[in-house]
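Quick notes on the structure that follows.
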Amino acid sequence: MRKISRQTENSKGRLLVVDDDVVQRTVIGMIAAKLGYDTVTASTFDVASELLQGESFDAMTLDLSLGEHDGVELLRLVAECGLQALPIVVISGCEERILNSTMRVAEGLALNLTGCLNKPLNLDKLRVALMLPPYARLSYQSRNAVQDITREQFLTGLEKTELAVEFQPKVDLKTGRVIGAEALARWRSAELGVVPPGTFIPAAERLGLMPELTNHILLLAIAQGRKLIEEHPGFTIAVNVSGSLMTDLALPERIESMLRAEQLLPASLIVEVTESVAMSDVDRATDILVRLRIKGIGAAIDDFGTGYSSLAALARLPFSELKIDQSFVKGCDSDEDMMKIIEASIGLGRAFKMKVVAEGIEDPRTLSRVREAGCDVGQGHLFAPSLRSERVAAWMLRQHSSGGGFGLPVFSNASAPEARHQPDMLAGQFP
Ligand code: C2E
Ligand code: MG
Ligand code: MG
């Protein structure tokens, strides 16, 4: 991936404004300057394309109609240039369905679309879209800085326990009670800074160190989650297990002995496997999942909807939980197609007696829609980001003492959205 960031302490960096309308370019440029961007403008596809290929930018606004060309062509070019991390705000006068489909194209290209605005441009919304959260910018810098993580750097991270675990709460959508948490790996390296999971997990796969990482996270999650499990009957901890581990037939026994060492019941753990992994070698995945389930350990199909499972294969795999991918959940309050996918997933979950979890709930409207559709459990920034284990305990205490607080953003920093969306590590709460 090409390095693009040139940010300094006080500047937000360089913003590329692509719009064929001179008035729009000027207005966007003025607002961006007030926010601390150095703005470069492009009025045509060709100029934008030359700039993107020759210069560095920290963010881009993109008008979908560009005379002879259109914005989707430019999105494709951004992807071809390896600029997947570049935050992009799309601005368009097109109808909503076209805007929604454009978002899907960007998602398919794994682009970092941070906003979609309709014309006539609402200046407040533009201001908000350009105030990129520190997390987006931080992870984007890190992604570029740590392309080539070495074996030594990764092993140092494991040995020095820079690789830590945080927990994102899961909420029962009927009672409002917190019923579990997903353990998410976090790495703050002394040498590399904050490295996001999207970077270090592929690196661990490439270096053949995924078994070491998974063991490390499993041990931490079980040890640190133990207090939560003991103090809250029925509480479960979920751990992500990657594809390379789903071929390891000894995995169920290893997990069972880790639980036994901490004197925890098997039912306190859920193993999350992404849909694409479960489907890539269904026979092996079935072997491992069946034995996990026989031992009483839970199994969740993660990122459901992104892996094109055949229904027959899904029926054979003994999952206890289905986690609907956040890409469907995020758009569901304004996009009926997304809502239909959610309803179909819930129906499927019911048919196979699985608990259905909606991931990525960020606002109250989305919450009420997934709840009305019959989802059992919710997870997302509306409730809380990932937190260190002791902060989960304190958060749960507040949540439950306020009578469940359900339907409301219950995280203590609810009035400060940027802080609320940051994992503990990024909010300076990391050990
Ligand atoms: P995942 O398993 O689907 O985890 C959920 C991801 O969604 C997490 O990202 C979480 O922070 C994020 N998230 C939760 N709620 C919201 C929300 O409301 N809005 C937004 N925008 N995001 C939300 P994270 O921590 O960056 O992890 C990304 C992926 O990396 C995970 O996706 C998982 O596949 C992988 N991962 C994380 N930790 C581990 C691990 O220990 N082992 C393995 N194998 N994979 C891991
Ligand atoms: Mg997961
Ligand atoms: Mg997921």
Side-chain angles (χ1 to χ4, degrees), residues 107 112-114 133 135-136 138-140 142-143 157-158 163-171 180-187 194-205 209-222 224-225 236-246 248 251 270-278 298-307 319 321-332 345 356-364 366-367 370 377-387 409 411 417-418 420-427:
E107 239 169 61
N112 184 10
L113 210 62
T114 56
Y135 182 40
L138 199 60
S139 58
Y140 147 70
S142 316
R143 238 184 306 220
L158 285 172
L163 271 149
V165 72
E166 287 185 355
F167 297 88
Q168 185 175 35
K170 289 163 75 182
V171 176
E182 175 174 3
L184 292 161
R186 300 285 176 246
W187 186 12
V194 172
V195 188
T199 299
F200 67 75
I201 285 160
E205 295 278 10
L209 291 171
M210 210 54 216
E212 283 79 357
L213 176 67
T214 308
N215 267 348
H216 180 77
I217 296 296
L218 268 165
L219 286 168
L220 287 179
I222 291 172
Q224 294 178 19
T236 56
I237 296 288
V239 175
N240 293 282
V241 169
S242 85
S244 51
L245 268 275
M246 283 308 284
D248 174 4
L251 185 73
I270 299 174
V271 169
E272 290 194 10
V273 184
T274 60
E275 185 185 7
S276 49
V277 163
I301 183 162
D302 201 2
D303 303 344
F304 184 77
T306 60
F319 287 109
E321 190 172 289
L322 182 153
K323 297 188 83 173
I324 304 173
D325 189 66
Q326 47 179 290
S327 57
F328 303 113
V329 176
K330 274 186 191 150
C332 79
S345 307
V356 181
V357 184
E359 282 195 279
I361 300 179
E362 291 184 347
D363 56 81
T366 304
L367 169 62
V370 296
V377 178
Q379 184 181 333
H381 290 161
L382 176 69
F383 304 111
S386 62
L387 305 166
F411 189 60
E418 279 193 2
R420 182 157 58 88
H421 289 181
Q422 286 181 33
D424 260 356
M425 171 183 64
L426 298 170

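One-based numbering, in listed order, for ligands and for the atoms of each.
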Margin query: Taking side chain to side chain donor-acceptor pair (under 3.5 Å) as the criterion, tell me which of Lys323, Lys170, Gln168 meets it with Glu182.
Written below: Lys323
Kindly indicate whether the side chain of [X], heavy atoms from C-beta on, has any atom under 4.5 Å from the side chain of [Y].
| X | Y | value |
| --- | --- | --- |
| Arg186 | Val195 | no |
| Pro211 | Asp248 | no |
| Cys332 | Val370 | yes |
| Asn240 | Asp302 | yes |
| Ile201 | Met210 | yes |
| Val329 | Ile361 | yes |

Note to self: For the metal site, I want the angle between atom OE2 of Glu182 and atom OD1 of Asn240 with the Mg ion (ligand 2) at the apex, to 10°.
What the structure shows: 90°
Enumerated ligand 1 atoms positioned under 4.0 Å from heavy atoms of [X]:
| X | result |
| --- | --- |
| Met210 | 44 (N) |
| Lys330 | 19 (N), 20 (C), 21 (N) |
| Asp302 | 1 (P), 2 (O), 3 (O) |
| Ser242 | 44 (N) |
| Glu362 | 17 (C), 18 (O), 19 (N), 20 (C), 21 (N) |
| Arg186 | 11 (O), 24 (P), 25 (O) |

For ligand 1, note which part of [X] has a heavy atom under 4.0 Å away: side chain, backbone, both or neither.
| X | value |
| --- | --- |
| Asp303 | side chain |
| Ile217 | side chain |
| Lys323 | neither |
| Gln379 | neither |
| Ala185 | both |

Notebook entry, point to check: Counting no waters, how many protein N/O/S atoms sit under 2.8 Å from the Mg ion (ligand 3)?
Noted result: 3
How close do [X] and [Y] get, heavy atom to heavy atom, and via which atoms?
| X | Y | answer |
| --- | --- | --- |
| Ile237 | Gly225 | CD1-CA, 3.9 Å |
| Val239 | Ala183 | CG2-CB, 4.2 Å |
| Ala185 | Ile217 | CB-CD1, 3.6 Å |
| Phe319 | Ile301 | CD2-N, 3.4 Å |
| Phe383 | Leu367 | CZ-CD1, 3.8 Å |

Looking at non-hydrogen atoms alone, which of [options] comes nearest to [atom]?
| atom | options | value |
| --- | --- | --- |
| atom 15 (N) of ligand 1 | Gln168, Glu359, Gln326, Glu182 | Gln168 |
| atom 34 (O) of ligand 1 | Leu213, Val241, Asp325, Asn240 | Asn240 |
| atom 45 (N) of ligand 1 | Ile361, Ile201, Leu163 | Ile201 |

Next item on the list: Please check if any side-chain donor atom of Glu166 sits under 3.5 Å from a side-chain acceptor atom of Ser386, or the reverse.
Entry: yes
Note to self: Set out, in order, the CA-CA distance, both residues' side-chain angles and the distance that settles side chain to side chain donor-acceptor pair (under 3.5 Å) for Asp303 and Thr306, then state yes or no.
What the structure shows: CA-CA 6 Å; Asp303 303 344; Thr306 60; 5.2 Å; no
Check: Contact between Glu166 and ligand 1, counting heavy atoms under 4.0 Å?
Finding: no
Next item on the list: Consider ligand 1: state whether an atom of it lies below 4.0 angstrom from any non-hydrogen atom of Gly360.
Entry: yes
